[in-house]
Asks: 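The structure under discussion is supplied below as structure tokens; questions concerning it will follow.
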Amino acid sequence: MNISSIDVYPVTLPMKQNFSTSRGQVGNKNAGAPHVYVRIRTDEGLCGWGEARPSPRWSYETLESVVSAIRNYFDEAIEGVSIFNLEKIHTLMDQQIASGLTRGQPIAKAAIDMAVMDLIGKATKQPLSQVWFSEQKDKIALSYLISVKTVEEAIEKAEEAKVAGYTGIDLKIGFDPKRDIEIVRNVKKVHPDAFLRVDANQGYSLKEAMQVSKKLEEIGVDVLEQPLAASDLLGHAELRKYTEIPIALDESVWTPADVARAIEFRACDAIVIKVTKMGGLSNAKNCGEIAKAAGFDLLGGGLTESSLGLYASSHLFHSLNITTPVDLNGPMFLQDDPSKIKANVENGQVKLPFGNGIGWEVDLEKLGSLHTAHNKPRTITTKVFREGY
Ligand SMILES: [Mg+2]
């Protein structure tokens, strides 16, 4: 069964609230969120779906670069290839857009990989979990994301998380060490039983991270994620020797080779698995398995994907036996998406679909209208330079 065509649908999904990390604003309520849906058809009439969620403040890919990579580079290269030869599909994509220090355009490649994995499940009439020889589970526990500037807001959000039944909190820090500590302390006080994952998104220097880690030990957090720059594996290794708090790497680890380097440098205790940054389900699974074999813990994460990406990632996290609440926060931030059955959070958990492949079903009418709205001509503002500047 071979790939016969690829359709790309860039859309802007409406958001419920803004979203910032120490790297700046990654989601804007007024501008909406960039998502790219990909449909791959086969010569036997099956359709597979994939999603890319580029987040340029988090990594270099943009909505435009994802669309261009798929339409202008991958489409022609993988047309006619068997859906069961995913290895070849990745080789062809890597030939089209080569690696730099790490895999080139992983978020665009992830959408293709996800759609092909969906097709493999559909073509063999199995849910993804079965394709991976694992158990299909019907729910996943999410962490509640808190990214705020004041202690008061943090207390309010932690109370919301507790009342809503979340058993995990993903707390964004890395803004200002002193204020970060006060925010963590108060969140812990409000919801002491939650699995508390604090994520600095590369926001600290080594000295700051050392100081913060000692305070975090007193407060009692479960894991400190990506305190230092993505490239600074030696710094993370040094910090790890200094503190008892487990250190997780997220932005440092994109490929199996990155996992191997983290092992070599003894740079962390846990790896954050994300389908999009790792170039798709198959590569994320490879990364997870290597990390597990090396004795690392695994954490599940995402880039606020919509229901499609959330369901696909959840099936993978279950198959990797990730048991802590995962950071798939799309439902917290997105008002709408083109799914027939949207991911809905109840008691901090999302019900997962049973069905062949990912089990996601598209609402084509909704996708069409979101796509048309996204492509409406927009007013282009030009910078006016005053004389003398
Ligand atoms: Mg992270």
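As the structure lists them, so they are numbered: ligands from 1, and atoms in each ligand from 1. Nothing here was measured: the structure is a model prediction, and the numbers come from that model. Residue numbers count from 1 along this sequence.
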Asks: More than 12 heavy atoms of other residues, nucleotides or ligands under 6.0 Å from CZ of Arg179: yes or no?
Replies: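 More than 12 within 6.0 Å, yes.
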
Asks: Kindly confirm whether the Mg ion (ligand 1) is within less than 2.8 Å of some N/O/S atom in Asp170?
Replies: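 It does not; every qualifying atom lies at 2.8 Å or beyond.
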
Asks: Taking both backbone and side chain into account, is any N, O or S atom of Glu225 nearer than 2.8 Å to the Mg ion (ligand 1)?
Replies: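 Within the cut-off used here (under 2.8 Å), Glu225 does place an N, O or S atom near the Mg ion (ligand 1).
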
Asks: Are the side chain of Asp113 and the backbone of Ser282 linked by a donor-acceptor contact shorter than 3.5 Å?
Replies: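 Here the side-chain-to-backbone pair exists.
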
Asks: Establish, from distance only, whether the side-chain atoms of Thr91 and Asp94 form a donor-acceptor pair under 3.5 Å.
Replies: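 On atom types as modelled, these side chains do not qualify, holding no pair under 3.5 Å.
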
Asks: Can you tell me if an N/O/S atom from Asp250 lies under 2.8 Å from the Mg ion (ligand 1)?
Replies: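 So Asp250 counts as coordinating the Mg ion (ligand 1), yes.
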
Asks: In Asp199, the N, O or S atom nearest to the Mg ion (ligand 1) is which?
Replies: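 Of all N, O or S atoms in Asp199, the Mg ion (ligand 1) lies closest to OD2.
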
Asks: Parallel, tilted or perpendicular: which one describes the rings of Trp58 and Trp254, with boundaries at 30° and 60°?
Replies: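 Tilted.
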
